[in-house]
Amino acid sequence: MKTIVDEHNCSKYLVADDYSVVMTAEHIDMGDPESLDFRICDLNSSNSSLIENVTEPDDWYGCKYSCSADGTWTLNADWVDPRIVP
Amino acid sequence: MSNARDLADFADGGIYKPVATGTLANGQTVVLNSNGTVQAVSPATSSNSTPTVWRASQTNSTTFDSTNDDAWYDPNSNTVVMVYSDNANSGYGTAIVGTISGTTITFGSPLVFSSTSTSWCRVEKNYSYSDKVVIAWVVSGALYAETFNISGTTITANESFPSSKATGVIKPQMVTSRDSADYDTTLFGLVYITYANSNNFLYGTALGCSTGPYTTSVMAGTPMVFASVSIDANCFLSINPDQQPAMQAIVFANKGATVGGIATTIFFGNYANFGEGTGALTTIGSEPRISYPQMAYEPSTGKYVVAFDADQFGYADNAMRSYLLTVDAGNVTVSGPFVWADRPTFTQISEFTIVGNNGQVVIFYRDVTSPNNAKYVAGTISGSTIYYGQTFTADTSSLPSSNIPISVYDSNNSQAIIFYSGSTDSKYTMIDNAPSTAPNFIGITNEAIADGEAGVVSLRGSINQSVTGLTTQTDYYVQDDGALSTTVSPTPAGKALSPTSILLKGI
């Protein structure tokens, strides 16, 4: 697996190794370049990075974990599950 | 001075002696009328039409609210197009067109455009045509958007079986505009639909679509993630209505845990950047804890107002607050927060709508303390400040909870139209606001003046000695009702020189 992390190493996306991720200075294109799944506009090669060959945590969710460059996962203490309505 | 009458007012040795319209007391704050007479500063007035039921006998109390329903006002035909999940008809997606005449709306026949349980219906203008709208709706997470024809109060579909444009769509909002890159006289329209994507961690996503004169279909592009953060369940995306050619904008909120509560960050973004990847999101404020940010665009000042609900873990005073946003060449300046409603104890008032025009915003809401009456308050935008005035009651019947009203501005009749849920029916009321004349303050009378008679008035730069009860060396402001007070208002009067005199110099 590989993950896109922001400037604070917050893991924003987690995709399979063979999934196409194209990072540019303006944005990140996700999926087949001929037919993108989606484009990420708030992240780019300047404010995020791609960490490859990581092991997926069982309960991974966007923004729940940080991932260091060596693939070590850390639970983000300030994460609130957005799926739970207070 | 612009005419002979004005010069005549100064004929008596340079003393300003205008003729009064109405009887003026000694020490009265006055404004100048267009005919050269002066008149007492008059307070803001507001009235609303008798609440009218336009859909009766619904099956539950959620009859028309902004979660699933929407309205769009067409100034050219003076009509309003309503789209809703019809809870009296199995939640089917339905549209209806009404013609506005004064404070009455006459509706045509409803059109069912989605014969299945439908949610999050949205409607906006199709800028490729003068007589068509775009309606978007969601069925089981799948987003649909198509063009519909409007003729009088008749609405018809262009396509019987439209294809879905996206999946995992939650809480969509839609805005349309004219494509600035049009070709000769051929118009192309843009449609932006923003939503939380349940297939992608509820991240904020925008789907750009186009419309053109050669086909009525709405053609979707690639979804764009404009915020790689989860949109909070209680914090709807809110986007301004079509205000061509003004910048299109979005506001949304995201929560994260903090000690003792949950912090909310409100973001403001520019549509124009969605496809460019510049990520121009501005943090409006990091609040202790808030919900339901709502946004309105006020065209005459070019400003955005973002109002929200504080909750019990937020501000200690529980007051409802708002921010004022000024956007200049892409730079966003935020001022506030400004309180628009006080609450002595915590009671959630998430059900409100905000609409702007003529330098004002009107916020319409359910006041749970009154109990559950429909109330509204007008705010006047002055520079980087909003001044909220008196609260008025629009409907004394008890409103159901968890129903967020919808508002549009009827520019032909200069009135806000509010659509809201009654107990088992849907209602509307028109709100007509006349702001205070205090901002036009010119001076204070030096004597009592009878109606139609001339009398002395102290103008700015002079000293008036007909006032009482002032505190020496203190700044005073003209209030909405014309009274002088130390409470800051958009209209500074001057500095008190003694308890009975004031130097009218502004502040």
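Protein chains get the first letters and strands the later ones, always in sequence-line order, with residue 1 at the start of each. Computed over heavy atoms, backbone and side chain alike; hydrogens, waters and symmetry mates excluded. Please read these numbers as outputs of a predicted model, since none were measured by experiment.
- Here B:Ser198 pairs with nothing under the side chain to side chain donor-acceptor pair (under 3.5 Å) rule; sequence neighbours left out.
- If you measure heavy-atom distances from A:Asn76 to chain B, you find no contacts under 4.5 Å at all.
- By the salt bridge (Lys or Arg N to Asp or Glu O under 4.0 Å) test, A:Lys2 pairs with no residue at all, sequence neighbours left out.
- B:Asn200 touches chain A through its side chain: at least one heavy atom from C-beta onward sits under 4.5 Å away, while N, CA, C and O do not.
- Heavy atoms closer than 4.5 Å to chain A are found in both the backbone and the side chain of B:Ser228.
- Between A:Tyr19 atom OH and A:Asp32 atom CG the span is 9.5 Å, to the nearest 0.5 Å.
- B:Trp137 contributes no side-chain N or O that, together with a main-chain N or O of B:Ser119, makes up a donor-acceptor pair within less than 3.5 Å.
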